[in-house]
Amino acid sequence: MFDIERTTLTEYLIAQRRRHPGATGEFNALILQLAQACKAISRAVAHGALGGVLGSLDSENVQGETQKTLDVLADRIFLRATHWGGELAGMVSEENDAPIALPPGGARGKYLLVFDPLDGSSNIDVNVAVGSIFSILRAPLPGTDAQPEDFLQPGTEQVAAGYAIYGPSTMLVLTVGNGVAGFTFDPILGEFFLTHPELRIPERTREFAINASNARFWEPPVRRYVDECLAGRSGPRDADFNMRWIASLVAETHRILMRGGVFLYPRDRKDPAKPGRLRLLYECNPIGMIVEQAGGRASTGERPVLEVQPERLHQRIGFVFGSREEVARIERYHREPAPSDPGEPPLFHTRSLFRQN
Ligand SMILES: O=P(O)(O)OC[C@H]1O[C@](O)(COP(=O)(O)O)[C@@H](O)[C@@H]1O
Ligand SMILES: [Mg+2]
Ligand SMILES: [Mg+2]
């Protein structure tokens, strides 16, 4: 039911700006442009097959992944919404090898934008939740075109981060470094309203998310953690755990923000050229900032992901995040030697469900 008293995204941003007396309004303008992009993508997602946005293109992105129609459309929408405003000095997207050039002759601003226009692309054609992720950094040389190396800043330097989830309802979840707020989109009014102020991740959880088809490539600390969860009440954790896998980082993040849990896409031995699946700059860092701002923990599995110095724009890395206690436990398992091995753990036993080669 519509409530006239609800805070809009614009009102929220104006209230946040009061914390920064020297603020010019450029930052808020940029966030509102991003929200506008998310509204447009939400509309395209909602129309599905009617809008002709399902299916794949013949093209591949820089990661060698086949691009979906919606990947390319969402990328274009982000670009169109932000590149003329004069707030940006540069932008990097998952779908583009190099930083995207800003229009010649247009103003250059003081922020850098890094984004994954459409996250969870494999879910588009099966009508499961997808999202968009963005991160905002400061440009080292405001007013000039950013260079590729300018984007290689650790996640601790992010000014803001957010994601939109296009699920049964569309939501924008945002941190400007002062906690995390969730806004629900009213498609009739075309406005995001604050519905989830001060989101906090519960500290303790009995739910984990991992792509178990990679089990044979996991490193021992990850195997140990998952085995202990699967052992349930009869194992060392003395508790039954639930498992989830949506194959959409945004959707997994949203579930963990709403009811707790832990997510693992760890470094593994599947492909030595890819130390992890997820991309540091536009997946792990923004989600990591949101998670930490919501009282959770975001890690490479060994240390805080936000402290990693990026080396490449599209760098991949192991990513573990969620409820603090569980992530701290996984980090501890990476530090300490595995408990004396009484034989193969049940999950990897040759006669078990996930047979080890
Ligand atoms: O195919 P898998 O192993 O389930 O990987 C799923 C992961 O890949 C991603 O979809 C990658 O994102 P993109 O769709 O932006 O490439 C994550 O959202 C998700 O966590
Ligand atoms: Mg993604
Ligand atoms: Mg993507």
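Counting convention: from 1, in listed order, for ligands and their atoms alike.
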Next item on the list: Would you mind listing which atoms of ligand 1 come within a distance below 4.0 Å of any non-hydrogen atom of D116?
Entry: 15 (O)
Margin query: If the cut-off is 4.0 Å to any non-hydrogen atom of S121, which atoms of ligand 1 fall inside it?
Written below: 14 (O)
Check: Of the choices L249, T253, N211, which has the non-hydrogen atom that lies closest to atom 19 (C) of ligand 1?
Finding: L249
Next item on the list: Just go through K270, E283, R279 and tell me whose heavy atom is the nearest to atom 16 (O) of ligand 1.
Entry: R279
At what distance is the nearest protein heavy atom to [atom], and which residue and atom is it?
| atom | result |
| --- | --- |
| atom 8 (O) of ligand 1 | R277 NH2, 3.1 Å |
| atom 4 (O) of ligand 1 | W245 NE1, 2.9 Å |
| atom 3 (O) of ligand 1 | Y265 OH, 2.4 Å |

Check: Below 3.5 angstrom, do we get any N/O pair linking D119 and ligand 1?
Finding: yes
Margin query: Polar contacts were defined as any N/O atom of the residue lying under 3.5 Å from an N/O atom of the ligand; does this apply to G120 and ligand 1?
Written below: yes
Could [X] and [Y] be called an ion pair, given the rule that one side-chain N must be under 4.0 Å from one carboxylate O?
| X | Y | value |
| --- | --- | --- |
| D268 | R277 | no |
| R335 | E302 | no |
| E87 | R108 | no |
| R224 | E219 | no |
| E325 | R204 | yes |
| E94 | R279 | yes |

Notebook entry, point to check: How does S248 reach ligand 1, if at all, at less than 4.0 Å between non-hydrogen atoms: by side chain, backbone, both, or neither?
Noted result: backbone
Checklist line | Proximity to ligand 1 by part of L118, non-hydrogen separation under 4.0 Å | finding: backbone
Margin query: Can you classify the ring geometry of F115 versus F78 as parallel (below 30°), tilted (30 to 60°) or perpendicular (above 60°)?
Written below: parallel
Next item on the list: For the pair F185 and F192, name the ring-plane relationship: parallel under 30°, tilted 30 to 60°, perpendicular over 60°.
Entry: tilted
Check: Taking the six-membered ring for Trp, is the centroid-to-centroid distance between F183 and F193 below 6.0 Å?
Finding: no
Note to self: Would you say the rings of W218 and Y225 are close, in the sense that their centroids are separated by under 6.0 Å?
What the structure shows: no
Next item on the list: Could you tell me if any non-hydrogen atom of S122 lies under 4.0 Å from any atom of ligand 1?
Entry: no
Notebook entry, point to check: For ligand 1, is N123 a contact, meaning one of its heavy atoms is under 4.0 Å away?
Noted result: no
Note to self: R297: which residues meet the salt bridge (Lys or Arg N to Asp or Glu O under 4.0 Å) condition with it, sequence neighbours left out?
What the structure shows: E331
Next item on the list: Would you please test S135 and N285 for side-chain hydrogen bond (donor to acceptor under 3.5 Å, both in side chains) and show each step?
Entry: CA-CA 8 Å; S135 158; N285 276 345; over 6 Å; no
Checklist line | the Mg ion (ligand 2) - number of protein N/O/S atoms closer than 2.8 Å | finding: 3
